[in-house]
Number of protein chains: 2
Amino acid sequence: MKKQAVKLEDVAAVAGVSKTTVSRVLNNRGYLSQATIDKVHKAMQELHYRPNIIARQLYQQRTNLVGLVFPTVDNPFFGQLEACLDHELYKRGYRVLMGNSQNNPDRERAYLRQLLNGQVDGLIVGAHNEGIEQYRNIQLPVVSIERLVSKDIPVVAADNYAGGVLATQQLLDDGCQHIIHTNYPHDLASPNMERRRAYEELMRRHGLPMYTYEVSFDSSTAEKIKIFYRLFDEHPEVDGVFADNDTNASLIMQVARKRGRRVPEDLKVVGFDGANMTRTLLPELTTIQQPIQQMATAAVQLLQDQIDGKKTTNSVQLPVKLIHGTTA
Amino acid sequence: MKKQAVKLEDVAAVAGVSKTTVSRVLNNRGYLSQATIDKVHKAMQELHYRPNIIARQLYQQRTNLVGLVFPTVDNPFFGQLEACLDHELYKRGYRVLMGNSQNNPDRERAYLRQLLNGQVDGLIVGAHNEGIEQYRNIQLPVVSIERLVSKDIPVVAADNYAGGVLATQQLLDDGCQHIIHTNYPHDLASPNMERRRAYEELMRRHGLPMYTYEVSFDSSTAEKIKIFYRLFDEHPEVDGVFADNDTNASLIMQVARKRGRRVPEDLKVVGFDGANMTRTLLPELTTIQQPIQQMATAAVQLLQDQIDGKKTTNSVQLPVKLIHGTTA
DNA sequence: ATGAAAGCGCTAACAT
DNA sequence: ATGTTAGCGCTTTCAT
């Protein structure tokens, strides 16, 4: 329990003024004579004074910190999203507290337990865990991205249904008859399910069979690959795949090649997300691009409104775009 | 300046005990009778009490927060690295404050100004800005990753020289005669320069010409692509490329194809980093893999040692590995 | 234009 | 086993 080396009081002593005056100089508030200002600045420099941010936070009851609760930052979509969120928040004077849940409910709870204790001024969440009870009766400003948390919390999401239609329609236009879809396990309360709904409606309307392989986000790459091998074994007739994200699309194409299928000749593939990093590393992939930057801007705006006390519980849905690659 | 709804004092009043007792129950410290414990817990539940973390931080003079200052999280290498760091820090009870500098020195300074004011217990830095004066005479525990900050700050880095040798040797073994390298601008004080040194030494030893194209990390993708077109225009004889990171390798291959070169028939390519996301999206790339997880573990260990007051200014160098793809 | 004093919510000596 | 009291470092009424 060592004390801070040099504090406001020390500066006051050296400058020969009171703590109040130093605080005023620090915050540029109230009436100050130039002579006093200079004296205080000089003392601050001499002592290498640094104001203690925590003390200020305690008094002001705000931290200018926003917590980001997402599965992981090591992913093209979430990486870009968190980078955009950080950028938008920075512009408004907020810093970011990372809360990678790794899709572990206990970790998500642990983060929330802390963050809700005055650690942050607000929360932006996009983790995929179910039944986190702490979101009920929360008094902190919260915005969610692509996740239904509770009815009071506004959601920012892409138009997943339209995306599902675009993807499926592209494969149908390509002449595919046996289109398989991958998605999260069905019970996840995510707007993501709209992608599946769109796929199923179009397939039904066209009288085509539908199969959805469920791949949970947090499975290991090896596990996912195993599922995709199973996909080709159980459905050798598959000629089109609508993957619910681009990394799955990439894995499916790798497995397809191992099974002797050429893309796009024997198999068409459409992904989802269209993040920058995927566009750079896998530009040939045809995919549905989410407006990540706009989603970040909207989320931060909604959060700021809540922090400012404006009651905007409206949710936001943003348009997606089909990116034509060579895989479909 | 609203006050916190319910505080320790309120719990004390309801439970009919003193603040101290409530604090003791909260922290499970000192002698407590079971009856008191129960009373206090009951009062806490009734009031939905949440301890104010900031007040505790002020008293304890520690925040259990570690700042991560890196260029961006939207990148396979930094994304995975920050995810690993977060995971290691979480295990030790620390949370992470994000400091994406976007390679903007002003932003890096702004972060440091705040973080050094008691906001964090330590810092792990890997941003690429030069001459940030705040790192001089810093009193906070700091560890750097792949960056030379100042002589007092320990550095965790991969064996970049060995990596440069592996990459260049692979291309030489493939029979390449005109190998081009890409790297950061030369003046950057980064262990990364060792990759270049290795390339140049091997080329010199083999009596081969050497050309390094300088591509700054924070250029836009469009700018990078322009440089790579220039590379092929100025050196149509190129038959091997050693890129200093995998995303550049990917861009180079895209440009090569546009210029009618087949990889690996006409052009061999070796990248650097070998992050998970690159392995998933671009598995065919031959690359030098950095031990990201080990680097994170080592960095956190060094930081913890400093926080604990152990004087370990030793730097750490970790081995790299050649990953055989099909591009070289 | 400046200062004294109270208080943000919590913890820990030091009593009892 | 529990309470009293004095801070942690800062900001802000309220005085002068």
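Here is the naming used below: chain letters follow the sequence lines, and residue numbers restart at 1 for every chain.
- Not a single donor-acceptor contact under 3.5 angstrom links the side-chain atoms of Thr21(A) to the base of dA1(C).
- Summarising the geometry, the separation between NZ on Lys19(A) and P on dC10(D) is reported as 9 Å, rounded to the nearest angstrom.
- DNA chain C is contacted by no residue of residues 109-116 of chain A, taking any non-hydrogen atom closer than 4.0 Å.
- Checking Gln293(B) against Glu88(B) by side-chain atom types alone, a donor-acceptor pair falls below 3.5 Å.
- Listed by chain and residue number, nothing satisfies the side chain to side chain donor-acceptor pair (under 3.5 Å) test with Asn28(A) (two or more places apart in sequence, or in another chain).
- Residue Leu112(B) holds its CG atom at 10.5 Å from CG of Asn117(B), rounded to the nearest 0.5 Å.
- When the nearest nucleotides of DNA chain D are assigned to Tyr31(B) and Ala55(B) by heavy-atom distance, the more 5′-ward of the two goes with Tyr31(B).
- Nucleotide dC10(C) holds its P atom 11 Å from the CG atom of Asn27(B), rounded to whole Å.
- Taking each heavy atom of Phe217(A) and Pro71(A) in turn, the nearest pair found is CE2-CB, 3.7 Å.
- Proximity of Arg147(B) to Phe70(B): side-chain heavy atoms (C-beta onward) are nowhere separated by under 4.5 Å.
- Rounded to 10 degrees, the angle between the two end axes of the helix from dA1(C)-dT16(D) to dT16(C)-dA1(D) is 40°, with five pairs used at each end.
- A salt bridge between Asp106(B) and Arg109(B) is present, with a side-chain N of the basic residue lying under 4.0 Å from a carboxylate O of the acidic one.
- Rounded to whole Å, atom P of dG9(D) lies 16 Å from atom CZ of Arg62(B).
- For the pairing with Leu302(A), the side-chain contact (heavy atoms from CB on, under 4.5 Å) check across Val156(A), Asn314(A), Ile124(A), Ile307(A) returns one residue only, Val156(A).
- Listed candidates were dC8(C), dC10(D), dT11(C). Nearest to the side chain of Tyr59(B) is dT11(C).
- Within residues 32-47 of chain B, the residues that place at least one heavy atom under 4.0 Å from DNA chain D are, in residue-number order, Leu32(B), Ser33(B), Thr36(B).
- Checked against dA1(C), dT11(C), dG3(D), the side chain of Val17(B) finds its nearest nucleotide in dG3(D).
- Separating the CD atom of Gln60(A) from the P atom of dT13(D) is a distance of 12 Å, rounded to the nearest angstrom.
- Among residues at least two apart or in separate chains, salt bridge (charged side-chain N to carboxylate O under 4.0 Å, His left out) pairs with a member in residues 18-45 of chain A are Lys42(A)-Glu46(A).
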Any N/O pairs under 3.5 Å between the protein and nucleotides 14-16 of chain C? List them or say none.
none

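- Regarding Ile53(B), its CD1 atom lies at a distance of 10 Å from the P atom of dT11(C), rounded to whole Å.
- Summarising the geometry, the separation between NZ on Lys7(B) and C1' on dT11(C) is reported as 15 Å, rounded to the nearest angstrom.
- Put simply, Gln61(B) has a side-chain N or O that comes within less than 4.0 Å of OP1 or OP2 on dG9(D).
- When side chains are defined from C-beta on, Leu97(A) does not count as touching Met98(B), because their heavy atoms never get closer than 4.5 Å.
- Rounded to a whole Å, the CG atom of Asn117(B) is 12 Å from the C1' atom of dC10(D).
- With hydrogens and angles left out, the side chain of Thr20(B) and the base of dA12(C) share a donor-acceptor pair within 3.5 Å.
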